[in-house]
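Please read through the structure below; I'll follow up with questions.
Note that these values count all heavy atoms, side chains included, but never hydrogens, waters or copies made by symmetry. Quick caveat, the model's predicted, so the values are computed rather than measured. Heads up: numbering here begins at 1 and tracks the sequence.
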Amino acid sequence: MNKLTTHRIIFWTAIALAAFGIVINLLDPKVFIPLIIVAAVFLLYKFPPRRFNRHPKVKPSRSTAEKMKRKSSSVRKTGSSSPKRKQYPFQVIDGQKGKHDQDDDLPKYH
């Protein structure tokens, strides 16, 4: 027999025996019932029933719809006409550090 075939037979025999042992141990009610409960909770979490999955559809009132419309239109208006540079309330204060080291002929900003 080929070495690969022998390994394959041993592997699948071990898998079958392990599955058989798991099935025999699961028939014990002390293990079987909690396993069913865990499986049920997992399945309900993964695939919830449709009645819990739906969100109630609420139609907004007329005033709420107008507010939302004004808010969305004001965002568009301010977005297009906003200045290119943001105005900050800070200003640069010239310090005294290093003033005596600079020459008078150098520009202040370069």
Quiz item: Cluster question for you: counting only ILVMFWY and a side-chain heavy-atom cut-off of under 4.5 Å, with indirect links fine, are Ile36 and Val23 together?
Solution: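 Looking at the clustering, Val23 is in a separate group from Ile36.
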
Practice problem: Return the set of residues passing side-chain contact (heavy atoms from CB on, under 4.5 Å) with Tyr88 (not counting sequence neighbours), or none when no residue passes. | Solution: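 Tyr88 satisfies side-chain contact (heavy atoms from CB on, under 4.5 Å) with Lys86, Phe90 only.
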
Quiz item: Nearest 0.5 Å, what's the CD1-CG distance between Ile24 and Leu17?
Solution: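 Going from the CD1 atom of Ile24 to the CG atom of Leu17 covers 11.5 Å.
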
Practice problem: Could you identify which residues cluster with Val38, counting Ile, Leu, Val, Met, Phe, Trp and Tyr as linked when any side-chain heavy atoms lie under 4.5 Å apart, either directly or through a chain of such contacts? | Solution: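 Its cluster mates, by chain and number: none.
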
Practice problem: Enter the distance from Ser61:OG to Glu66:CD here, rounded to the nearest 0.5 Å. | Solution: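 Rounded to the nearest 0.5 Å, the OG-CD separation comes out at 8.5 Å.
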
